[in-house]
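Quick caveat, the model's predicted, so the values are computed rather than measured. Letters go in sequence order (proteins before strands), and every chain restarts at 1.
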Amino acid sequence: MTASGAAIVAQGLRKRYRDRFALDGFDLRVDAGTVCGLLGPNGAGKTTSVRILSTLLRLDGGRAEVAGFDVTRQPDQVRYRIGLVGQHPALDEALSGRQNLVLFGRLFHLGRRRARQRAGELLERFGLDDVGERPVRTYSGGMRRRLDLASGMILAPAVLFLDEPTTGLDPRGRNEVWVSIRELIRAGTTVLLTTQHLDEADQLADRISVVEAGRVIAEGTPDALKARLGGDRIELVVTDAADLATAVAQVRRVVDDEPTVDADRRAVSVGVGHRAGALVEVLRALDTAQVAVADVALRRPTLDDVFLHLTGHRAIQEVTA
Amino acid sequence: MSTTLPSAVDLTPGRPAALTDSGTLVWRGLARWRRDPGPLVASLGFTILIVLIFAYLFGGALQVPGGGSYREFLMPGMFVMTMVFGISLTTIAVAEDLERGITDRLRAMPVSPLAPLVARAVTDMLFAVVTLAVLLAAGLAVGWRAHGGAGATLGAVGLILLLRFALVWVGIFLGLVTRGQTAVVAVQTLEFPLGFLSNAFVAPATMPAWLSAVAAWNPLSATVGATRELFGNPGWGGDSWAAQHYPWLAVVWPIALVAVFLPLSVARYRRLAG
Ligand SMILES: Nc1ncnc2c1ncn2[C@@H]1O[C@H](COP(=O)(O)OP(=O)(O)OP(=O)(O)O)[C@@H](O)[C@H]1O
Ligand SMILES: [Mg+2]
């Protein structure tokens, strides 16, 4: 580890494909033992940065250090200390789950006996021991993902790269993978996680870097990023559609911000800054005007709101599993 | 975590591991065969089927030079053709590992960059030995015989395997530079002209002059011609310089191919990092 305690340092990374830059001045710093979520639209450069940091891709400019070693000059030192779980599972489909893990263990030079022992431990830990002897070709998507994760941590890596680890999984599969990742995080591994699912970043990441067009355009804790949007919103639904106009008038009277109205849902939404007390004032005003409220919530901006604000478009819709 | 994890510190990174890693990856290849012998058995069955088709179906259609036994004429061509059609096995295996991300996984691990290529070559050569053994047995069964004595026979077998070894490196290179279905098409467009523009089944003398020259200089023809001589089987003869020197060419051609395609493959593998 470097003296500064950073497990990943990237400075001014550039990567060019023909005439365009996939990375163009990409800076990143991830402290040891923390989880960094890389968010960004398709083609932003997330996979490219992960491939450079995991020594798979040569960089055209800048420098990068992982686990204290330079990715260009000391790639093998880096490779002994990282785990990589790519966007698609990379497994030998003909071999069993156990054989895959033994193979990778031996390629990490654990020796035959220790590789076998480690394979057993990992199968158990990822809940795969009952299917360990079956060829991977017969595994479900979630099982493959978990085996892929297990393969990424044969040596208890100092730094783990996860490139969209739950893409294409159903909610249950996603949950299984999250549980596995959380366990790793508890063990002190530094994680760099790219994802299309904002809730995934919210759930797992200590800090988030938003990537667009090959560079990091915003960085911070999820809460800090949300706070940038200027605080909370009240969302309320009136019981009777006839009351909607009255409700909007009352909200306008109490709150400075201009409310937005969704007539179909009989809903009114308004930004209230950091004034949580505004909720009480709005409800009191509505009560006085005898407007019946079916539902009301004070809601934090979501990462999706942050993403929209920063990049000008919504994050990718949840892929239907 | 309950179990103690081996960490990088326990290991001795940086030790030259090309040999160990190659061994491990050959183990992988053998484990795949044990798990899933279907394709191998099918490939061997196909080989036998082709021998039977050529031996019994086309038997009468060919005029054997010097009036010798058709099946004795046939078999050296069959041995060598089968080695040539093995290129696609190699190419597809290499392309599949690239496609499935296995190659990337290995490249992100402290695995010697030579090991995956060496292991591929070794694994495919093991299969080539098995295939050739089956072919020799099939040949004997349909009446083919070697007449040149033990040394000459071993020499012929050696030349056939040497050609296969050279073609393994051609196949590895093709697998590294092409993707998916393109790999299959590319390698088959190579196999057919290489296989048939030769002296394996047709006399180069009966071809148009330029085709005849190509056939005479085809690396395959050198091995077929040389093994016919060593097995004491009938052949076409021919008065081109190449035809007069087949035993030499059967050694020089494969070495030249390895000298070109092995370094190209290694360089290409290193260039996967862009
Ligand atoms: N091998 C390649 N050749 C040419 N261009 C490439 C190559 N790989 C990536 N790119 C380009 O580089 C840019 C960044 O791609 P990258 O895969 O890093 O994006 P990403 O953020 O991972 O996107 P996604 O969310 O779709 O996975 C894209 O414009 C992409 O088209
Ligand atoms: Mg990507």
Side-chain angles (χ1 to χ4, degrees), chain A residues 15 17 51-52 54-60 67 74-84 86-96 99-100 102-110 112 114-115 117-118 121 124-125 135 137 148 151-158 161 183-184 186-188, chain B residues 1-40 93 96-116 119 123 269-274:
Chain A
K15 179 69 194 176
Y17 287 116
R51 287 175 65 81
I52 285 179
S54 55
T55 77
L56 284 178
L57 212 52
R58 217 188 302 273
L59 42 77
D60 295 327
Q74 299 155 299
D76 268 336
Q77 300 282 8
V78 172
R79 288 173 188 144
Y80 267 111
R81 289 165 178 80
I82 61 169
L84 171 64
Q87 211 164 332
H88 308 283
L91 301 162
D92 190 319
E93 298 272 319
L95 298 184
S96 69
Q99 284 176 314
N100 268 280
V102 170
L103 171 68
F104 299 135
R106 288 179 60 178
L107 289 173
F108 270 118
H109 310 131
L110 278 183
R112 203 183 284 249
R114 275 216 288 172
Q117 179 192 335
R118 185 75 182 125
E121 288 167 10
E124 198 181 308
R125 178 138 156 226
R137 135 161 56 70
D148 206 38
S151 312
M153 41 172 309
I154 303 266
L155 285 192
F161 297 100
E183 224 176 289
L184 271 178
R186 265 202 302 282
Chain B
M1 219 173 305
S2 50
T3 47
T4 42
L5 298 174
S7 72
V9 232
D10 303 338
L11 301 155
T12 42
R15 81 194 153 104
L19 226 59
T20 323
D21 292 345
S22 303
T24 303
L25 288 167
V26 170
W27 169 83
R28 170 200 173 207
L30 299 181
R32 281 174 69 97
W33 289 352
R34 256 215 317 277
R35 279 256 158 207
D36 194 10
L40 293 201
E96 201 177 272
D97 272 0
L98 269 177
E99 202 121 312
R100 295 260 161 91
I102 303 267
T103 305
D104 274 350
R105 185 186 284 290
L106 299 185
R107 289 200 307 119
M109 289 167 67
V111 173
S112 155
L114 282 177
T123 314
Y269 188 88
R270 291 183 192 280
R271 289 297 298 173
L272 288 176

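Looking at A:Leu103, both its backbone and its side chain come within 4.5 Å of chain B, counting heavy atoms on both sides. For chain A, the nearby part of B:Asp36 is the side chain; its heavy atoms alone come within less than 4.5 Å. Of the two parts of A:Tyr17, neither the backbone nor the side chain holds a non-hydrogen atom closer than 4.5 Å to a non-hydrogen atom of chain B. Heavy atoms of B:Arg28 lying under 4.5 Å from chain A belong to its backbone as well as its side chain. Heavy atoms of B:Leu106 lying under 4.5 Å from chain A belong exclusively to its side chain.
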Could you walk me through whether B:Arg271 and A:Arg58 pass side-chain contact (heavy atoms from CB on, under 4.5 Å), step by step? CA-CA 9 Å; B:Arg271 289 297 298 173; A:Arg58 217 188 302 273; 3.6 Å; yes
Derivation of the side-chain contact (heavy atoms from CB on, under 4.5 Å) call for B:Thr20 and A:Arg106: CA-CA 9 Å; B:Thr20 323; A:Arg106 288 179 60 178; over 6 Å; no
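Side-chain atoms of B:Val111 and A:Arg79, non-hydrogen and from C-beta on, never get closer than 4.5 Å to each other.
Of all the listed residues (A:Val102, A:Ile82, A:Leu91), the one sharing the greatest number of non-hydrogen pairs under 4.5 Å with chain B is A:Leu91. Each of A:Ala90, A:Pro75, A:Pro135 has some count of heavy-atom pairs under 4.5 Å with chain B, and the biggest count is that of A:Ala90. The most heavy-atom pairs under 4.5 Å with chain B, out of A:Arg51, A:Gln87, A:Lys15, A:His88, come from A:Arg51. The choice from B:Ala31, B:Gly274, B:Ala108, B:Ala115 that makes the most heavy-atom pairs within less than 4.5 Å of chain A is B:Ala108. Each of A:Asn100, A:Leu56, A:Thr55 has some count of heavy-atom pairs under 4.5 Å with chain B, and the biggest count is that of A:Leu56. No other option in A:Pro157, A:Ser54, A:Ser96 has as many heavy-atom pairs under 4.5 Å with chain B as A:Ser96.
One finds no salt bridge joining B:Arg105 and A:Asp92 here, because no Lys/Arg side-chain nitrogen approaches an Asp/Glu carboxylate oxygen to under 4.0 Å.
Between atom CZ of residue B:Arg35 and atom CZ of residue A:Arg137 there is a gap of 9.0 Å, rounded to the nearest 0.5 Å. We find the CD-CD1 distance between A:Glu93 and B:Ile102 to be 8.0 Å, quoted to the nearest 0.5 Å.
Contact record, B:Pro110 with A:His109: O-CE1, 3.2 Å, taken as the closest heavy-atom pair.
For B:Glu96, the salt bridge (charged side-chain N to carboxylate O under 4.0 Å, His left out) test picks out B:Arg32, B:Arg100, with sequence neighbours left out.
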